[in-house]
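These values consider heavy atoms only, across backbone and side chains, with no hydrogens, waters or symmetry-generated copies. Reminder, nothing fancy here: chain letters follow the sequence lines and each chain counts from 1. All values derive from a computational prediction rather than experimental measurement.
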Protein chains: 2
Amino acid sequence: MKQISYENFFTNFSNKTRLGIITALMDGPLSVSEIVEKLGEEQSNVSHNLEHLRKCSILNVKKEGKKRIYSLNKETVEPMLELVEKHVYGCGGSCEECGLCNLKEER
Amino acid sequence: MKQISYENFFTNFSNKTRLGIITALMDGPLSVSEIVEKLGEEQSNVSHNLEHLRKCSILNVKKEGKKRIYSLNKETVEPMLELVEKHVYGCGGSCEECGLCNLKEER
DNA sequence: TTCTCATATGAAATTTGTTTCATATTTCAT
DNA sequence: ATGAAATATGAAACAAATTTCATATGAGAA
């Protein structure tokens, strides 16, 4: 049996701050301070989390003066989130725990 | 900005036991005790984790005598894992942290 | 250079998630 | 009914991930 070890990859989608970052970058690249402002999280927290995302190639960075501009690897992220969305809409409202069906209501 | 709250969904892919369960069920449905045996994890641990997976509709259950047969929701899971695989093979070996590039070597 | 802004980093504190342990529940066989 | 097998459940113990805090680094402006 092939033991898949994708844990660390998926960790990037399983916390609020990181999904916040991902969501924030949906509309285009942003600098760290812009992300910080958008999320209302602490700078160093955002920074730590950006590192994880970057290390898994979910984000890309480029330097621009003193700023670092982060952008989303949409090729992976978009279909990933689309898949979940599809899953949610297909579940018939049976996922009490994961909160996705609640999300449904919000939209 | 729409705040995505998919955390809990992705949590199901970001730990070893649950990915182990998912992997075990790739080849077809299994009872709890069969999963326990296959993974070498404790029964109650497997049981707890099965609950999470089921609640997010990643797994389905059906009763069969005293047994409960769990099966994989392949429609969601397969393309999800395929996506990650594609991401990995496209990353050019740059994801030191997430361990996916190491997986590459294993195969 | 020195100052300031933007970001990163390490370690401690905190929060969250996972596993274990003991026990309960369900179902079937006797 | 009673016992045994299969699974579930709750709470405590444990482990791991996240956040915060203090500080460091780097880059440009004065």
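- Proximity of a side-chain donor or acceptor of B/S14 to a complementary backbone N or O of B/T11 within less than 3.5 Å is detected.
- Contact check, B/Y70 against D/dA8: a side-chain N or O comes under 4.0 Å of OP1 or OP2.
- At the phosphate of C/dA8, OP1 or OP2 sits under 4.0 Å from a side-chain N or O atom of A/R68.
- Close to C/dT19, at under 4.0 Å from its OP1 or OP2, lies a side-chain N or O of B/N49.
- The nearest pair of heavy atoms linking B/Y70 to B/L25 is O-CD2, 3.4 Å.
- For D/dT18, neither phosphate oxygen OP1 nor OP2 lies less than 4.0 angstrom from any side-chain nitrogen or oxygen of A/N45.
- Using a 4.0 Å cutoff on non-hydrogen atoms, the parts of residues 60-67 of chain B near DNA chain C are B/K63, B/G65, B/K66, ordered by number.
- A close approach under 4.0 Å does occur between a side-chain nitrogen or oxygen of B/T17 and OP1 or OP2 of C/dT19.
- Nucleotide C/dT30 forms a Watson-Crick or G-U wobble pair with D/dA1, both donor-acceptor distances falling under 3.5 Å.
- Nucleotides of DNA chain D nearest to B/H48 and A/V46 differ in position, and the one nearer the 5' end is that of B/H48.
- In terms of phosphate contacts, B/S33 brings a side-chain nitrogen or oxygen within less than 4.0 Å of OP1 or OP2 of D/dT7.
- At the phosphate of D/dA17, neither OP1 nor OP2 sits under 4.0 Å from any side-chain N or O atom of A/R18.
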